Amino acid sequence: MNIKSILDHYFNFEEKTLTNRFFKHKHILPLITRLPAAFKVEQLGISVKGKSINAVKWGKGETKVMLWSQMHGDEATGTMALFDLFNFLQLENETVKLLGDNCELLIIPMVNPDGAEVFTRRNAQQIDINRDFLQTVTPEAKILRQARDEFKPHFGFNLHDQTTLWSVDGTLKPATLSFLAPAFDKAVSVNNVRQNAMLVIADIYKDLKELLPQHIGLFDDEYEPRAFGDNFQNAGTSTILIEAGGYPDDPEKQQIRQYYFASILSGLISIAKKNYALQDITHYLSIPKNTKQIFHILIHHVILNGIDVSIGINYDECPNSDGYGTYKTYSIQDIGDLSFCDAYSVYDAQNCILNGEIVYNKIAHFSLLNDEKPLVAFENGNLIV
C-alpha cells in the first residue's frame, strides 16, 4: 500500500471524536484505556496538576521508535494524527504487519496535559517544557527524559505545531509541514545518528511532496542546547522534528492532520524497511527552506499619505478563558512594497475609500469601502468583514 492509497481511505481510521484543536486530557484518556490488548498502556507519571501522562507500546520488532506530542499544550495536530495512527494500527493490512514485525513503538500522545487544558504553550508552572532538558525542573520534562533513557529508542519523532506565518522559500505558500533533523552540537555537525534522521526525512519528503506540493519546508538547524530534540539526537536517538503550520481554509487543521499522519507513517515505513539507508543526504538538503513571506491578510493598492502601498496584517491568537477556543487580534505588521509576499487572504483596494487610520505596529481599526460596501473592515483589532 502506498501513502496516497492509504489517505484515500482515511475516513476508515480517522479518530472521529477529535474534530478540533481544543480537546483535553479527559477526552483522550478513554481513547487510550480502551485500546485493544496489542497496545500496552502505561502511566509514566503525573503532570503538575495531577493529570496522568501515559505511554502506549505496540509492535514486536527490533527497531525501537519513540513518538511524543503536545509538549506544548496548544500544539495538538500531532496528537490527532497519533490517535489516527492507533486506529490504523488496528487494521489488518500489509503495512500494519510490516510495522509490527519490524518496529516497537513507544507513543506518548500528550506530554503537557495541563497546557492542553487551557490551550497554552507552557505547563502549569509557566515553563516551556521543550526548554527544560538541562535543568529538568518540570515533572513533564523528567517523565519524557526518563522514558527515552529507559526505552533507548533508535529513532524519535518530535511532534509540534508552528505559527501559520511560516512560508516555503520560492513558493510563497504556507509551510503546511516542516521538518528538521535537529543539531546535536553548536557546530551543527552531522554524525551517523543525525544523518539517519536526515535520510528518513528525505524519504518522507519523497512521499509527501506530490501530495502537498510547494507546502513543505525545512527548518533552520541552529543548535538549541535546552531542547529535547537536540539532546535526544546527541544521546543516540535519530530524531525527526515534524511541525504543522498553516493550510488555506483549515483553521482547525483537520486536513493538515491527514498530511501529518502521512508523514509519520511514511517515516515509520522507511524505518521498518530500512529504505532510509538507500537515501542520499542531498535529498534532505534539497528541501526548500522555511521563510516568512506571507501574511494572514494582504491588501494591495491602499492610498495612504498620498502614496500607493500594500498593507500586511497578521493576527495574534489567544486562548479563551475556558480553553475551548481562541480569539484573534489583528494588527498592522508592514506597510510599503509587499509585492514579494502573499497571504491567506489577498484584497485589491483600488478605487476604495479608507475610513479610519492605518498605523504601523498598531491594532487594525479601519475599513475600506468600495461603492459604499466594505471590502474589508476591522474594529479594535477584530475582523468584522
Side-chain angles (χ1 to χ4, degrees), residues 2-4 61-68 78 98-99 102-103 105 130 133 148 152-160 162 166-171 173 175-225 227-245 259-291:
N2 62 39
I3 296 298
K4 184 179 185 307
E62 291 185 2
T63 303
K64 294 184 174 184
V65 186
M66 179 171 159
L67 306 94
W68 64 98
L98 169 76
L99 298 181
N102 291 278
C103 297
L105 309 183
N130 202 28
F133 182 89
R148 197 222 71 88
K152 296 181 171 57
H154 302 95
F155 290 89
F157 285 73
N158 188 9
L159 308 180
H160 288 267
Q162 64 187 15
W166 284 105
S167 57
V168 178
D169 187 35
T171 74
K173 303 288 187 183
T176 303
L177 292 176
S178 296
F179 298 97
L180 179 66
F184 63 87
D185 64 6
K186 193 172 183 179
V188 196
S189 308
V190 178
N191 60 5
N192 187 60
V193 173
R194 187 175 181 223
Q195 178 172 291
N196 284 343
M198 291 175 167
L199 297 178
V200 171
I201 291 171
D203 250 6
I204 296 171
Y205 182 62
K206 173 176 64 68
D207 283 344
L208 270 290
K209 67 180 179 181
E210 302 303 324
L211 298 174
L212 197 57
Q214 299 186 315
H215 282 275
I216 300 174
L218 188 68
F219 257 123
D220 180 86
D221 58 357
E222 182 180 359
Y223 177 57
E224 171 48 74
F228 274 77
D230 303 60
N231 283 283
F232 282 4
Q233 199 88 271
N234 187 52
T237 295
S238 297
T239 302
I240 296 135
L241 172 70
I242 306 179
E243 299 259 9
Y259 296 126
Y260 208 115
F261 165 87
S263 299
I264 295 170
L265 186 62
S266 173
L268 292 175
I269 292 171
S270 176
I271 291 165
K273 287 186 171 182
K274 294 184 167 55
N275 286 345
Y276 66 90
L278 305 176
Q279 264 291 353
D280 193 302
I281 197 171
T282 59
H283 295 155
Y284 170 85
L285 298 173
S286 71
I287 301 173
K289 300 296 188 292
N290 274 1
T291 60

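All values derive from a computational prediction rather than experimental measurement.
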Measuring only between side-chain heavy atoms, which start at C-beta, is [X] closer than 4.5 Å to [Y]?
X    : Y    : result
S167 : K173 : no
I271 : C103 : yes
L177 : I204 : no
L211 : K4   : yes
L212 : Y205 : no
L180 : E243 : no
I269 : D203 : no
V190 : I281 : yes

Could you tell me the separation between the [atom1] atom of [X] and the [atom2] atom of [Y], rounded to the nearest 0.5 Å?
X    : Y    : atom1 : atom2 : answer
Q279 : L199 : CD    : CG    : 6.5 Å
L241 : F157 : CG    : CZ    : 11.5 Å
S178 : D220 : OG    : CG    : 12.0 Å
I242 : Q162 : CD1   : CD    : 11.5 Å
T171 : H215 : OG1   : NE2   : 7.0 Å
N192 : S238 : CG    : OG    : 7.0 Å

Check your understanding: Can you check side-chain contact (heavy atoms from CB on, under 4.5 Å) on K274 and T63, steps first, answer last?
Key -> CA-CA 10 Å; K274 294 184 167 55; T63 303; 3.9 Å; yes
Of all the heavy-atom pairs spanning [X] and [Y], show the shortest one and how long it is.
X    : Y    : result
P288 : V168 : CB-CG1, 3.5 Å
P182 : Q233 : O-NE2, 2.8 Å
N290 : A175 : OD1-CB, 3.7 Å
F232 : R148 : CD1-CD, 3.3 Å
A181 : I201 : N-CD1, 3.6 Å
D207 : S266 : OD2-OG, 2.7 Å

Check your understanding: What's the verdict on side-chain contact (heavy atoms from CB on, under 4.5 Å) for L159 and Y260, showing C-alpha distance, side-chain angles and the deciding distance?
Key -> CA-CA 9 Å; L159 308 180; Y260 208 115; 3.2 Å; yes
Check your understanding: Under 3.5 Å, side chain of T237 to main-chain N/O of P153, donor-acceptor pair present?
Key ->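 Side chain of T237 to backbone of P153: a pair is present.
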Check your understanding: Side chain of S270, backbone of Y276: donor and acceptor closer than 3.5 Å?
Key ->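 Between the backbone of Y276 and the side chain of S270 there is a qualifying donor-acceptor contact (under 3.5 Å).
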**Study point:** Working for side-chain contact (heavy atoms from CB on, under 4.5 Å), residues F179 and S263
**Key:** CA-CA 10 Å; F179 298 97; S263 299; 3.6 Å; yes
Review point. Run the side-chain contact (heavy atoms from CB on, under 4.5 Å) check on V193 and F184 step by step: do they pass?
Key: CA-CA 10 Å; V193 173; F184 63 87; over 6 Å; no
Point to revise | Carboxylate-amine/guanidinium contact D221 R194, below 4.0 Å | key: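 Salt bridge present between D221 and R194.
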